[in-house]
Amino acid sequence: MGSRGSGACCKQFAKFLFSHVGLCGMVVLYCVVGGFIFEHLEKKNEEEICYESRSEYQPMETKTVNSTLKIFFENGGIVSDANRETMEVQLRSVLETFRNNTLAIGYDGRDCDRYGLEGGPKYEWTWAGALMFSVTVVTTIGYGHIAPKTIWGRLVCIAYAVLGIPLMLLCLANIGDVLADIFRFIYAKICCCACCRKRKSRERRLQALKQQQDQNQQGQIITKNSDNLGDGEGIKADKSTIITNNVPPTNTEFSRLQSKSPSESLESDKQSRPSSASSTTKLRPVTPPTRSIKIVPLDVKTLSHNRPTKAEPPVIVDDDSSDEDDDDYELDEKKITVPLTITMIVIGSYIFAGAVLFGLWEGWDWLQSAYFCFITLATIGFGDVVPGTDFENPTAQAQLLLGSVYVLFGMAILSMCFSLMQEEIVSKCRWIGQKLGILDRTDD
């Protein structure tokens, strides 16, 4: 019993884990855990790199100062027209060497002893920065503004990408389909609801009118046939009344008899056979008509099915038409494809919103902000423009978190738009193939 219960729990857990909510939760949790891991692996190394670069920079700085003083001492400490050009060449050479070595070392003058203190240098590998790095890894954007430097950090980054990229792609595929269904439903209800209902109501009226015309035409044909078979005008009128209105006439002897279904009439005949002699004596004899009457065979099923309870003209009530039309409407709603212009407007609106937001936060112009949003959503990720790189700004951590959220939601929206665009392109290609005769109506 215990093994069966544990197996059922495992199945339920696996089912929830690979659902839409479970996949989204796994991606978010994976990025959060990656932020803590990379912060732990690289934060301490950031201080060590600062100390190493400063230890290389200080001797070079001292050597540059001594070379500069030497140039002045060799020229007597006086700058004249005779030695000015020579001193400029020597000083320029010393400064160029200092510049190149400084860029190679990568030291920016930080006070490594005050890391993490107030007024000291800020860590690049904070949790928010590591979270942003994890998001760029699993989404294959890869800005490159920060990268792991330690051996363990690089090994963990490889394993993290190997597991995270397929998980992210699986999540994007699932959430993209869900968002596509939601967006298609909203588009059908808002943009296509009125048109579809008008078309369906018009089709219902046309169908009801066509059925009315068909029934009237059928009644006229049957009436004409009965007139040709009958001999008297009174009989013709009675037959037309029976056929067109499906109501038994009241001026005949048959109207006094109680109408029964075929099954009931057969049972009554069987019961009345033994007492046929007594029953015939009680019934009043019916005087036969003077003229010979040809009985027109009627459709008993049709008459019994369409017989109204009152002597009124039959009313056409199509009970299944509304349900069928509703089913057709739902079917048409499922077949609705969103135009490419709508999906492009959605992508453009998301890029525009991000451009406005990052422009306000980072102080970028609109072109730079839009450029960053497009490069990010297209997973190109040059890394030349990245939010939250100004670590002296107190809102830098919030900007990194906002950038991570923007990237995750943007990838989901882009996946939704790609799914809708694929359906629209396939629908257009199928329509073109049907018009050209390459595909049939039933072919996919």
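Residues take their numbers from the sequence shown, with the count starting at 1.
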* Asked: Where do K70 and F73 land on the side-chain contact (heavy atoms from CB on, under 4.5 Å) test, with the steps shown first?
  -> CA-CA 5 Å; K70 182 180 180 180; F73 289 152; 5.6 Å; no

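- Side chains of V346 and Y350 form no contact here, defined as non-hydrogen atoms less than 4.5 Å apart.
- Contact annotation: the side chain of L170 approaches that of L23 to within less than 4.5 Å [non-hydrogen atoms, C-beta and beyond].
- A pairwise comparison of heavy atoms in A355 and A370 identifies CB-N, 3.7 Å as the closest pair.
- Side-chain atoms of R154 do not come within 3.5 Å of backbone N or O of I158 as any donor-acceptor pair.
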* Kindly indicate, with the supporting measurements, whether the criterion side-chain contact (heavy atoms from CB on, under 4.5 Å) is fulfilled by L131 and W127. => CA-CA 6 Å; L131 175 65; W127 178 79; 3.7 Å; yes

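- In this structure, the side chains of F183 and I413 stay at 4.5 Å or more apart for every pair of heavy atoms.
- In summary, E124 and R110 engage in a salt bridge, as defined by a charged side-chain N under 4.0 Å from a carboxylate O.
- The structure places NZ of K122 at 9.0 Å from CG of L117, a figure rounded to the nearest 0.5 Å.
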* Steps toward side-chain contact (heavy atoms from CB on, under 4.5 Å) verdict (V407, M411) -> CA-CA 6 Å; V407 170; M411 296 299 294; 4.3 Å; yes

* **Residues R84, E88; criterion salt bridge (charged side-chain N to carboxylate O under 4.0 Å, His left out); working and verdict** => CA-CA 6 Å; R84 183 183 182 85; E88 287 181 355; 3.4 Å; yes

* Asked: For Y51 and D113, what are the C-alpha separation, side-chain angles and deciding distance, and is it a side chain to side chain donor-acceptor pair (under 3.5 Å)?
  -> CA-CA 9 Å; Y51 283 112; D113 297 329; 3.0 Å; yes

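- Although no hydrogens or angles enter the test, the distance criterion places a donor-acceptor pair under 3.5 Å between the side chain of S415 and the main chain of L172.
- Side-chain contact between T64 and T97 is absent, with no heavy-atom pair separated by less than 4.5 Å.
- The CD1 atom of I347 sits 13.5 Å away from the SG atom of C373 when rounded to the nearest 0.5 Å.
- When atom types are taken as modelled, the side chain of S67 and the backbone of K63 share a donor-acceptor pair closer than 3.5 angstrom.
- Under a cut-off of 6.0 angstrom, the local environment of CG in L436 is crowded, with over 12 non-hydrogen atoms contributed by other residues, nucleotides or ligands.
- The aromatic rings of F358 and Y406 stand perpendicular to each other, their planes meeting at an angle above 60°, with 30° marking the opposite boundary.
- Screening I141, I380, V385, V386 against I375 for a side chain to side chain contact (heavy atoms under 4.5 Å, CB included) leaves a single residue, I380.
- The environment of CD in Q422 is sparse: at most 12 heavy-atom neighbours from other residues, nucleotides or ligands sit within 6.0 Å.
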* Check the pair W364, Y371 against ring-ring contact (aromatic ring centres under 6.0 Å, His included), reporting the backbone distance first and the verdict last. => CA-CA 10 Å; W364 298 336; Y371 167 80; 9.6 Å; no

* Asked: L167 and V138: side-chain contact (heavy atoms from CB on, under 4.5 Å), yes or no, with the steps?
  -> CA-CA 8 Å; L167 178 63; V138 297; over 6 Å; no

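- With rounding to the nearest 0.5 Å, the separation of CZ in F38 from CE in M132 is 14.5 Å.
- The one candidate from E424, R184, K428 that meets the side-chain hydrogen bond (donor to acceptor under 3.5 Å, both in side chains) condition with T337 is E424.
- With values rounded to the nearest 0.5 angstrom, L340 atom CG is found 11.0 Å from I345 atom CD1.
- Cysteines C112 and C50 place their SG atoms closer than 2.5 Å to one another.
- Residues P339 and Y187 form a side-chain contact, since some pair of their non-hydrogen atoms from C-beta on lies under 4.5 Å apart.
- T140 contributes atom OG1, which lies 7.0 Å from atom CG of L169 (distance to the nearest 0.5 angstrom).
- In terms of modelled atom types and a separation under 3.5 Å, the side chain of D365 and the main chain of Q368 share a donor-acceptor contact.
- No side-chain heavy atom of N45 sits less than 4.5 Å from a side-chain heavy atom of L41.
- No side-chain heavy atom of L402 sits less than 4.5 Å from a side-chain heavy atom of P387.
- In this structure, NE2 on H145 lies 7.5 Å from OG1 on T389, to the nearest 0.5 angstrom.
- Y30 places no side-chain N or O within donor-acceptor distance of the main-chain N or O of S134, the cut-off being under 3.5 Å.
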* Take T376 and Y143 through the side chain to side chain donor-acceptor pair (under 3.5 Å) test and state the conclusion after the steps. => CA-CA 9 Å; T376 298; Y143 289 132; 2.6 Å; yes

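- Looking only at side-chain heavy atoms (C-beta outward), E61 and F98 come within less than 4.5 Å of each other.
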